[in-house]
2 protein chains.
Amino acid sequence: MAQKQENLSKNQKIVLDIIEKSAQPMKAYSILFNVQKKGLKAPPQVYRALDKLVEIGKIHKIESRNAFIACRNSACTIANATAFSICESCEDVKEISSSKLSKYLSNFQDKEGMKYNKYNLEFFGICKKCK
Amino acid sequence: MAQKQENLSKNQKIVLDIIEKSAQPMKAYSILFNVQKKGLKAPPQVYRALDKLVEIGKIHKIESRNAFIACRNSACTIANATAFSICESCEDVKEISSSKLSKYLSNFQDKEGMKYNKYNLEFFGICKKCK
DNA sequence: TATAACTTTGTAATAATATAACGTAAGAAA
DNA sequence: TTTCTTACGTTATATTATTACAAAGTTATA
Ligand SMILES: [Zn+2]
Ligand SMILES: [Zn+2]
Ligand SMILES: [Zn+2]
Ligand SMILES: [Zn+2]
């Protein structure tokens, strides 16, 4: 699952680099606009890189925002157990790294006993700054 | 928060009706196609109804699928605490109604002590049928 | 080396999802 | 009635994402 940055392709590095430099989640077309000076001209080049980066856990997709954020959770070797807090006022997004929470959710069993291999949790509220 | 169906507008009823008849989440444009015989011709008519229905908790949006499902969780007076299980093979979606889970998540406090007023959780796996 | 197999890239076109803007009509409430 | 608000219909457009196909680069191995 984990993969070193050296293994990334050129386009993947370019896209990851710009996402890592952003404090906030970035939208695909904003990424596209920002990497055009580096030669990535068309949506598929960006989306292909995003797909791969999500797959290997370097970035996560914030589903409710259609945006992508770099993973800064060192414990997040698991790209398939993600949790975020989202401020509905300033749209600030933080990845939550709580081993208690991830343990609880990873062990969660529904009534039918279906076994999950992945989850995504998004919390919404108003952050301290916005209060 | 809770609202009776009688309070729904004509278009809202039409859209809710078709979603409730579907066992699975429906996409906005699939809904649009299906309600054209009832006079709803343009996307905004559908999206406006969807927005309202989500707001009052009659339906939920499955964010990772851009699709909408009727709420069948009678305990789900709270439209702002949702959890789903999604089969990645057949795309079957079920709303999870576990008071234990909802209590756990509603009480969850992150490190910064930000108070959440809403969450959405999506579990992914392979359902029994698909095993 | 060669040559096949595979991955990544570039590019154009298009599909799918969602909203803006504007005017009209209907309903509630004052 | 007048005012206020919500819903409606319509056109156009914005945003997000994928399909399809050819070219170039990489890796494996014969
Ligand atoms: Zn992470
Ligand atoms: Zn904020
Ligand atoms: Zn519900
Ligand atoms: Zn299934």
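The chains referred to below are lettered A, B, ... by the order of the sequence lines, with proteins before strands, and numbering in each begins at 1.
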Enquirer: One character per nucleotide, please: for nucleotides 25-30 of chain C, 5' to 3', B when the base has a protein heavy atom closer than 4.0 Å, S when only the sugar-phosphate does, - otherwise.
Expert: ------
Enquirer: Name the first nucleotide and the last nucleotide along DNA chain D (5' to 3') that come under 4.0 Å of a heavy atom in chain A.
Expert: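 Contact span on the strand: D:dT16 to D:dA20.
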Enquirer: On the nucleotide C:dT9, are OP1 or OP2 found under 4.0 Å from the side-chain N or O atoms that A:Ser9 carries?
Expert: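 Yes, A:Ser9 has a side-chain N/O under 4.0 Å of OP1/OP2 on C:dT9.
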Enquirer: If the condition is side chain to side chain donor-acceptor pair (under 3.5 Å), which residues does B:Gln24 pass it with, not counting sequence neighbours?
Expert: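 Counting only residues at least two positions away or on another chain, B:Gln24 forms a side chain to side chain donor-acceptor pair (under 3.5 Å) with B:Asp92.
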Enquirer: Taking only nitrogen or oxygen atoms into account, show me every contact under 3.5 Å that the protein makes with nucleotides 17-23 of chain C, one pair per line with its distance.
Expert:
from   : atom 1 : to      : atom 2 : distance (Å)
C:dT17 : OP1    : B:Lys27 : NZ     : 2.7
C:dA18 : OP1    : B:Lys61 : NZ     : 2.7
C:dA18 : OP1    : B:Asn66 : OD1    : 3.4
C:dA18 : OP2    : B:Tyr47 : OH     : 3.2
C:dA18 : N7     : B:Tyr29 : OH     : 2.8
C:dA18 : N6     : B:Tyr29 : OH     : 3.1

Enquirer: Calculate, to the nearest 0.5 Å, the distance between atoms NZ and NZ belonging to A:Lys38 and A:Lys10 respectively.
Expert: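 The distance works out to 11.0 Å.
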Enquirer: Taking the side chain as everything from C-beta on, heavy atoms only, tell me whether A:Phe123 gets closer than 4.5 Å to A:Leu121.
Expert: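 Side chain of A:Phe123 against side chain of A:Leu121, heavy atoms only: contact under 4.5 Å found.
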Enquirer: Show the nearest heavy-atom pair for residues A:Ile69 and A:Ile19, with the distance to one decimal.
Expert: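 In this case the closest contact between A:Ile69 and A:Ile19 is C-CG2, 3.8 Å.
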Enquirer: Closest heavy-atom contact between A:Phe124 and A:Glu88?
Expert: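 That would be CB-CD, 3.7 Å.
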Enquirer: Starting at atom CG of A:Leu8, determine the distance to atom C1' of C:dT8, rounded to an integer number of angstrom.
Expert: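 Atom-to-atom, A:Leu8 to C:dT8, this comes out as 13 Å.
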Enquirer: So, is A:Lys10 close to the C:dT9 phosphate, meaning a side-chain N or O under 4.0 Å from OP1 or OP2?
Expert: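 Answer no for this pair, as no side-chain N or O of A:Lys10 is under 4.0 Å from OP1 or OP2.
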Enquirer: In whole angstrom, give the distance that lies between atom NZ of A:Lys52 and atom C1' of C:dT9.
Expert: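 Atom NZ in A:Lys52 sits about 15 Å away from atom C1' in C:dT9.
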Enquirer: Between B:Asp110 and B:Tyr116, is any side-chain donor less than 3.5 angstrom from a side-chain acceptor?
Expert: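 Present: a donor and an acceptor within the cut-off.
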Enquirer: Check side chain to side chain contact (heavy atoms under 4.5 Å, CB included) between A:Ser98 and all other residues, then give those that pass, not counting sequence neighbours.
Expert: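 A:Ser98 satisfies side chain to side chain contact (heavy atoms under 4.5 Å, CB included) with A:Ile96, A:Lys100, A:Leu101, B:Phe108 only.
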Enquirer: Any pair with a residue in residues 119-131 of chain B that passes side-chain hydrogen bond (donor to acceptor under 3.5 Å, both in side chains), sequence neighbours left out, goes on the list, sorted by first then second residue, please.
Expert: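 Counting only pairs at least two positions apart or across chains, the side-chain hydrogen bond (donor to acceptor under 3.5 Å, both in side chains) contacts touching residues 119-131 of chain B are B:Ser64-B:Glu122, B:Thr82-B:Asn120, B:Asn120-B:Glu122.
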